[in-house]
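Fair warning: this is a prediction, and the values are worked out from it, not measured in the lab.
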Amino acid sequence: MKKFLFFALLLASAQMAKAESVVLQTKNTTMVLNVEGDKQPQYVYYGAKLSDYDLQNLQRPHGGRMDAYPVYGMNCPAEAALAMTHADGNLSSDMVATGSIKKDGQTTRISMKDRVYPVTLDLCFKVYQDEDMIETWAEITNSEAKPVTLTQFASCSLPIRRGNVWLSSFYGSWGNEAILCEEPLTPGEKIIKNKDGVRNAHTAHGEVMFSLDGKGQENAGDVIGAAIVYSGNYQLKVETDDTDFHYFFAGINPDNSAYHLKKGETFVTPAVALSFSKQGLSGVSRNFHKWGRNYKLAHGNKERKILLNSWEGVYFDINQKGMDQMMGDIASMGGELFVMDDGWFGVKYPRKTDNCALGDWEVDKNKLPEGIEGLLRDAKKHGIKFGIWIEPEMTNSVSELYEQHPDWIVKAPKREPVLGRGGTQLVLDMSNPKVQDFVFSIVDNLMTKYPEIDYIKWDANMSIMNHGSQYLTMNDQSHLYIEYHRGFQKTCERIRAKYPDLTIQACASGGGRANWGVLPYFDEFWVSDNTDALQRIYMQWGTSYFFPAIAQACHISATPNHTVYRTTSLKYRIDVAMSGRLGMEIQPKNMSEAEKELCRKAIKEYKEIRPIVQFGDIYRLVSPYDKKGLASMMYVNEQKTKSVFYWWKTESFQNEHLPKVKMAGLDANKLYKVHELNSIDVKPMSIEGKVFSGEYLMNNGLDIPNNLNPEWSLKSDWSSRVLYLEAQ
């Protein structure tokens with residue numbers, strides 16, 4: 001009996017020894033998980049960085065389910081990250097830690113296995129020390145004799161303690177992207193998802209912030225940010241039940257995407273990036289911006305050129321003389337790049353409108369008799385670079401490509417294809433390796449023939465409207481949404497491997513591809529086809545929560561605006577566009593000399609502040625969504641020696657009373673000289689050239705006149721200011 005008790009105690013001791021705390025540390029944050037063999041790994045803590053003493057005396061959370069990656073079947077009422085049907089039809093899974101924890105550089109892997117079936121899972125965490133970022137994802141491997149069917153496959157699960165928790169998310173549509181929504185989390189379920197198939201940032205965004213101590217503040221308060229690093233359909237879900245926690249899940253949208261995991265195959269979910277900050281919403285934004293520039297965004301630490309895009313200037317009316325004129329005009333204003341948009345291609349079916357020729361990427365010699373060579377020559381003559389528009393994932397039913405390869409399109413079996421834009425547009429099936437080769441060849445052929453091309457605008461103007469692949473087997477039709485983006489990623493990787501220095505913009509009916517899954521292969525994205533300055537303030541504000549200014553293409557356009565027909569002052573349009581990657585979307589020959597001169601001055605001044613805007617830390621100050629009559633934000637360089645402050649009125653009334661804006665992010669002990677950019681006033685503001693301490697600017701702010709004071713012919717109800725602050 002004593003011998004039995006002795007071995008029992010040894011066994012119990014060995015099991016206890018299996019328990020291990022996995023501590024993931026960044027510069028300012030800590031995440032702790034408890035991993036014990038034959039049990040689910042448990043979240044213990046995620047938040048501000050803990051001291052060694054606090055780590056040793058950390059209280060375990062109570063009142064909730066802390067499973068790090070809950071699976072379906074042994075607690076069916078609870079929400080699960082993973083669900084599958086085993087080869088024998090069993091719907092239940094029971095994943096527990098094996099006791100294996102592997103660390104390889106920045107990445108920690110916690111191994112799990114099903115208690116009964118030969119299915120294993122690695123729960124992965126990658127730490128970015130200086131950026132206060134942790135990526136997490138799952139890798140599921142099937143070792144059963146036959147395929148298992150994955151029906152849910154989230155990338156992460158995170159319990160968040162209930163209290164006064166608010167959610168910041170983003171919704172919208174074409175021409176109205178990235179609109180901020182702020183709401184308290186309440187009992188029930190909140191789902192944010194995308195089912196577009198091609199683009200995933202129109203109706204909603206795959207990024208959210210949780211403000212843990214009430215409605216989010218920009219520069220104070222505890223906030224968790226989360227973003228799925230994926231280009232396809234996603235689902236973000238917050239489940240709030242009768243426990244003390246909210247449960248956040250993020251991953252690929254499982255809707256109509258059941259995945260048959262073959263024997264020996266590993267399914268890798270996309271990463272979800274998590275960040276915590278005690279410095280409010282803007283604090284989390286700064287973390288995501290640094291992480292994005294340093295690790296995700298193509299050429300994230302290289303200044304972007306100032307460009308003119310031809311679209312709103314001429315639409316499909318492309319011709320050699322017109323392009324030369326536009327190049328000359330942007331060069332004369334100090335621009336560095338000209339981009340020729342849609343309408344330059346098609347031989348059998350010339351591209352004069354949006355209803356033909358996609359896929360037929362041959363120059364229309366009637367429009368461009370000297371071809372791309374002539375355009376490159378003219379760009380060189382004007383001392384600027386040249387870029388070109390393509391839409392490589394698409395075709396039209398009226399095209400030579402479709403006539404030759406009708407089997408390449410996305411189409412439901414036994415049904416006629418659903419047609420999109422122009423009544424003829426179709427989506428190419430990127431799950432098909434032949435289509436991947438073709439899409440790669442579009443870029444490869446252009447760059448091989450014309451290596452001087454500096455920039456490609458890559459568009460995607462249609463959703464997957466009918467579910468079906470002519471390449472995938474009938475049994476694997478549910479793989480379409482996933483395989484499309486695997487094929488898209490493979491193609492982008494090939495392009496980047498061969499053309500690492502090429503600048504590529506992700507345009508997708510405007511801002512449809514603003515996501516961190518795309519941006520490793522793209523330098524920037526087009527925020528919206530709506531270039532109206534007032535509405536852009538709201539869209540660029542929401543976009544800035546997760547994406548840095550360097551990635552946001554923001555253009556000065558004509559008035560009345562081509563989307564909303566609003567007329568705003570040129571200075572206002574300039575001041576809004578200068579808060580992102582500055583460009584122009586206009587026909588310069590329709591501008592007056594005075595307007596060109598104002599743009600020339602603005603471009604010159606933007607070049608001076610470009611490093612601050614594109615690489616600086618963001619501090620959002622007054623939100624347009626708070627309806628205080630203005631919006632304000634600023635960028636500060638890392639050394640806190642230079643800053644750019646933006647102030648835009650969002651409405652105009654007689655006898656209005658606007659709040660004074662306190663600045664943020666400056667060095668309280670430094671002195672800053674104020675200089676207004678793009679000034680059109682008859683007399684400078686009283687603060688022009690004055691020097692103020694950082695402490696004064698952050699505690700008090702500056703009095704800014706409610707209205708501009710230009711000469712009579714330039715007066716309007718649109719007031720905005722851009723201030724350049726430089727330490728003395």
Below 4.5 Å, heavy atoms only, C-beta onward: do Trp526 and Glu177 meet side chain to side chain?
no

Would you call the rings of Phe438 and Trp408 parallel, tilted or perpendicular if under 30° counts as parallel and over 60° as perpendicular?
tilted

Check whether the side chains of Asp196 and Ser463 place a donor and an acceptor atom closer than 3.5 Å, and report yes or no.
yes

Is a donor on one side and an acceptor on the other found under 3.5 Å between the side chain of Asn515 and the backbone of Val518?
yes

Evaluate the side-chain proximity of Phe125 to Val22: yes if any heavy-atom separation is below 4.5 Å, no if none is.
no

Residue among Glu312, His555, Arg536 satisfying side-chain hydrogen bond (donor to acceptor under 3.5 Å, both in side chains) with Thr531
Glu312

Just by distance, do the side chain of Tyr234 and the backbone of Gly206 share a donor-acceptor pair under 3.5 Å?
yes

Kindly say whether Met430 contributes a backbone atom to a donor-acceptor pair with the side chain of His485 at under 3.5 angstrom?
no

Does Tyr69 use its side chain to pair, donor to acceptor, with the backbone of Ala154 at less than 3.5 Å?
yes

Sub-6.0 Å ring centroid separation between Trp291 and Phe288:
yes

Side-chain donor/acceptor of Trp344 to backbone N/O of Trp389, under 3.5 Å
yes

Check whether any side-chain heavy atom of Val613 sits under 4.5 Å from a side-chain heavy atom of Tyr606, and report yes or no.
yes

Under 3.5 Å, is there a donor on one side chain and an acceptor on the other for Tyr619 and Gln279?
no

Salt-bridge test for Glu483 and Arg486: reply yes if a basic N is under 4.0 Å from a carboxylate O, no otherwise.
yes

Of all heavy-atom pairs linking Gln540 and Ser579, the shortest is NE2-OG, 3.3 Å

Asp130 side-chain N/O to Lys27 backbone N/O, donor-acceptor pair under 3.5 Å
no

Considering only NZ, NE, NH1 and NH2 on the basic side and carboxylate oxygens on the acidic side, decide whether Glu135 and Lys296 come within less than 4.0 Å.
yes

Sub-4.5 Å side-chain heavy-atom contact between Ile603 and Leu582
yes

Any side-chain heavy-atom pair of Phe440 and Lys490 under 4.5 Å
no

Decide yes or no for Phe615 and Asn637: does some side-chain heavy atom of the first lie under 4.5 Å from some side-chain heavy atom of the second?
no

Has Lys195 got a side-chain atom pairing as donor or acceptor with Asn233's backbone, closer than 3.5 angstrom?
no

Determine whether a donor-acceptor pair (N or O, by modelled atom type, separation under 3.5 Å) exists between the side chain of Arg496 and the backbone of Leu502.
yes

Can a salt bridge be assigned to the pair Lys102 and Asp122 using a cut-off of 4.0 Å between side-chain N and carboxylate O?
no

Does Asp617 come within less than 4.0 Å of Arg286, counting only side-chain N to carboxylate O?
no

Taking the six-membered ring for Trp, are Phe488 and Trp458 parallel (under 30°), tilted (30 to 60°) or perpendicular (over 60°)?
perpendicular

Just by distance, do the side chain of Asn445 and the backbone of Ser441 share a donor-acceptor pair under 3.5 Å?
yes

With a 4.0 Å cut-off, would you call Glu218 and Arg620 a salt bridge?
yes

Given the rule in the side-chain hydrogen bond (donor to acceptor under 3.5 Å, both in side chains) test, do Asn142 and Glu265 qualify, once you have shown the distances and angles that lead to the verdict?
CA-CA 6 Å; Asn142 174 32; Glu265 183 182 0; over 6 Å; no

With no hydrogens and no angle check, just 3.5 Å: does a side-chain donor-acceptor pair link Ser275 and Asp132?
no

Counting C-beta onward and ignoring hydrogens, is there a side-chain heavy-atom pair between Phe248 and Ile224 closer than 4.5 Å?
no

By side-chain hydrogen bond (donor to acceptor under 3.5 Å, both in side chains), which residues pair with Gln129, not counting sequence neighbours?
none

Parallel, tilted or perpendicular, judged at 30° and 60°: which one describes the rings of Phe386 and Phe338?
tilted

For the residue pair Gln425 / Asn461, report whether a side-chain donor-acceptor contact shorter than 3.5 Å exists.
no

Please enumerate all residues that pass ring pair (Phe, Tyr, Trp, His ring centres under 6.0 Å) together with Phe547, with sequence neighbours excluded.
Trp516, Phe525

Sub-3.5 Å donor-acceptor pair from the side chain of Ser155 to the main-chain atoms of Gly251, do we have one?
no

Between the NE2 atom in His260 and the CZ atom in Phe267, the distance rounded to the nearest 0.5 Å is 12.0 Å

Separation between OH (Tyr171) and CG (Asn176), nearest 0.5 Å, reads 7.0 Å

Any salt bridge linking Asp341 with Lys457? Criterion: basic side-chain nitrogen under 4.0 Å from a carboxylate oxygen.
yes

For a side chain to side chain contact (heavy atoms under 4.5 Å, CB included) check, start with the C-alpha distance between Arg304 and Arg610, then their side-chain angles and the critical distance, and finish with the verdict.
CA-CA 8 Å; Arg304 303 299 193 253; Arg610 175 161 48 185; 5.7 Å; no

Any side-chain donor near an acceptor of the partner, Tyr499 and Asp444, under 3.5 Å:
yes

